[in-house]
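For reference, the structure discussed in these notes is given below.
A note on names: the letters A, B, ... follow the listed sequences, proteins ahead of strands, and every chain is numbered from 1. Computed from a predicted model, the values in this text were never measured in an experiment.
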Amino acid sequence: MCGRGALTLSGDRCRRIAGGDGRKTKTRGCERLRTKYNLGPMNYVPVVRTVEESAEALSREVCAMRWGLVPSFAKRAEDFDAFKGGSSTFNARVEGAESSNLWRRLLDRRRCVVLFDGFYEWKANGKSKTPMFIRNRDEYDGHTIPWSTKTDEEPTKMEESADESKIDGPEHAPLFLAGLYDVWHQKDGLGISRALVLLWIGLRKVLTWT
DNA sequence: CCAGACGTTGTT
DNA sequence: GTCTGG
DNA sequence: CCAGACGTTGTT
DNA sequence: GTCTGG
């Protein structure tokens, strides 16, 4: 599926979209986000995830992660870089995720929501291909990712800042894409990098995951 | 037992 | 980390 | 997944 | 055309 995206969202705007309580939702590394209309694997993308402060205290975080998952057990990052002969890990099929050694271990506690303005699908026209941009049709109405996992709960809105949130970003609503992430520690022990994969699944289920 | 994989898209 | 194949 | 490069000489 | 980099 998606191998290209568009991103204009700033870290601050992502934080408002992520919702929660402004005091609880932090950003991390969002200065690495760049406006791009042709965003691909290896670029930084905004990820909304839940952080366990303690057993009882959960907080929400918007974190810039690189697109393309490197599992924590990887010996070399290249082994999970499809463009260097490794496994292709910037997309995942949801149908088989539960029976995959690679994905299964991430399904419970490494879920996230990835924010994109939209993504491209390539339509074949005989010998050439034409990019079709896919995004939400509607304008952004201040909808935020809810805290509750209950599906029957009404979507929450940011009553006070709905107007403000339209100021510094695109008018249309962002896409909420389901993702899995992991944290990979380099063998030399110095660096830590995070990476994610997009997991293709319906929006309704994405929201229940948050 | 150890070694090696662990994935995706799109197609004649 | 965890499973499969040899 | 697409975009972009694709090279040489001669050197503190 | 083919490979690398993002």
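In the set C:dG1, D:dC2, B:dG7, D:dC2 carries the atom at the smallest distance from any side-chain atom of A:Asn38. Closest to the side chain of A:Arg104, out of B:dG7, C:dT2, B:dG10, is C:dT2. Side chain of A:Glu121, nearest nucleotide from B:dG7, B:dG10, D:dC2: B:dG10. Listed nucleotides: C:dG1, B:dG7, B:dT9. Nearest to the side chain of A:Trp103: B:dG7. In the set B:dG10, C:dG1, C:dT2, the nucleotide with an atom closest to the side chain of A:Arg93 is B:dG10. Across C:dG1, B:dG7, B:dT9, the shortest atom-to-atom separation from the side chain of A:Asn91 is found for B:dT9. The A:Leu102 side chain lies nearest to B:dG7 when the options are C:dC3, B:dG7, B:dT9.
Between A:Lys84 and A:Glu78 there is no salt bridge, since no side-chain nitrogen of the basic residue lies less than 4.0 Å from a carboxylate oxygen of the acidic one.
With rounding to the nearest 0.5 Å, the separation of CH2 in A:Trp184 from CZ in A:Phe80 is 10.5 Å.
B:dA5 and D:dT8 have their P atoms separated by 36 Å, with the value rounded to a whole Å. Straight-line distance between the P atoms of D:dC2 and B:dG10: roughly 9 Å, to the nearest whole Å. Taking atom C1' on both nucleotides, E:dT4 is separated from D:dG7 by 16 Å, rounded to a whole Å.
Between the C1' atom of B:dA5 and the CD atom of A:Glu78 lies a distance of 16 Å, rounded to the nearest Å. Summarising the geometry, the separation between CE on A:Met42 and P on D:dG4 is reported as 18 Å, rounded to the nearest angstrom. Spacing between atom CG of A:Asp81 and atom C1' of B:dG7 amounts to 12 Å, rounded to whole angstrom units. Atoms CZ (A:Arg105) and P (C:dG1) sit 8 Å apart, rounded to a whole Å. One interatomic measurement links the two molecules: CZ of A:Phe80 to P of B:dA5, which rounds to 10 Å at whole-angstrom precision. One atom, CG of A:Leu7, and another, P of D:dC2, lie 19 Å apart when rounded to the nearest Å. Look at CZ on A:Phe133: it is 15 Å from P on D:dC2, rounded to the nearest Å. The distance between atom CH2 of A:Trp122 and atom P of B:dT8, rounded to the nearest whole Å, is 22 Å.
The partner of C:dG1, taking Watson-Crick or G-U wobble pairs whose two distances both stay under 3.5 Å, is B:dC6.
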Report the C-alpha distance between A:Leu7 and A:Thr35 in whole Å, list the side-chain angles of each, state the deciding distance to 0.1 Å, and finish with yes or no for side-chain contact (heavy atoms from CB on, under 4.5 Å).
CA-CA 5 Å; A:Leu7 179 70; A:Thr35 289; over 6 Å; no

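The aromatic rings of A:Tyr120 and A:Phe133 sit tilted relative to each other, their planes meeting at an angle between 30° and 60°.
Taking only side-chain nitrogens and oxygens, A:Asn101 never comes nearer than 4.0 Å to OP1 or OP2 of C:dT4.
Across all strands shown, A:Gly86 has heavy atoms under 4.0 Å from base atoms, whether or not it also approaches the sugar-phosphate.
A:Asn136 places no side-chain N or O within donor-acceptor distance of the main-chain N or O of A:His172, the cut-off being under 3.5 Å.
The cationic group of A:Arg111 does not satisfy the cation-pi geometry with A:Tyr181, failing either the under 6.0 Å distance to the six-membered ring centre or the 45° limit from the ring axis.
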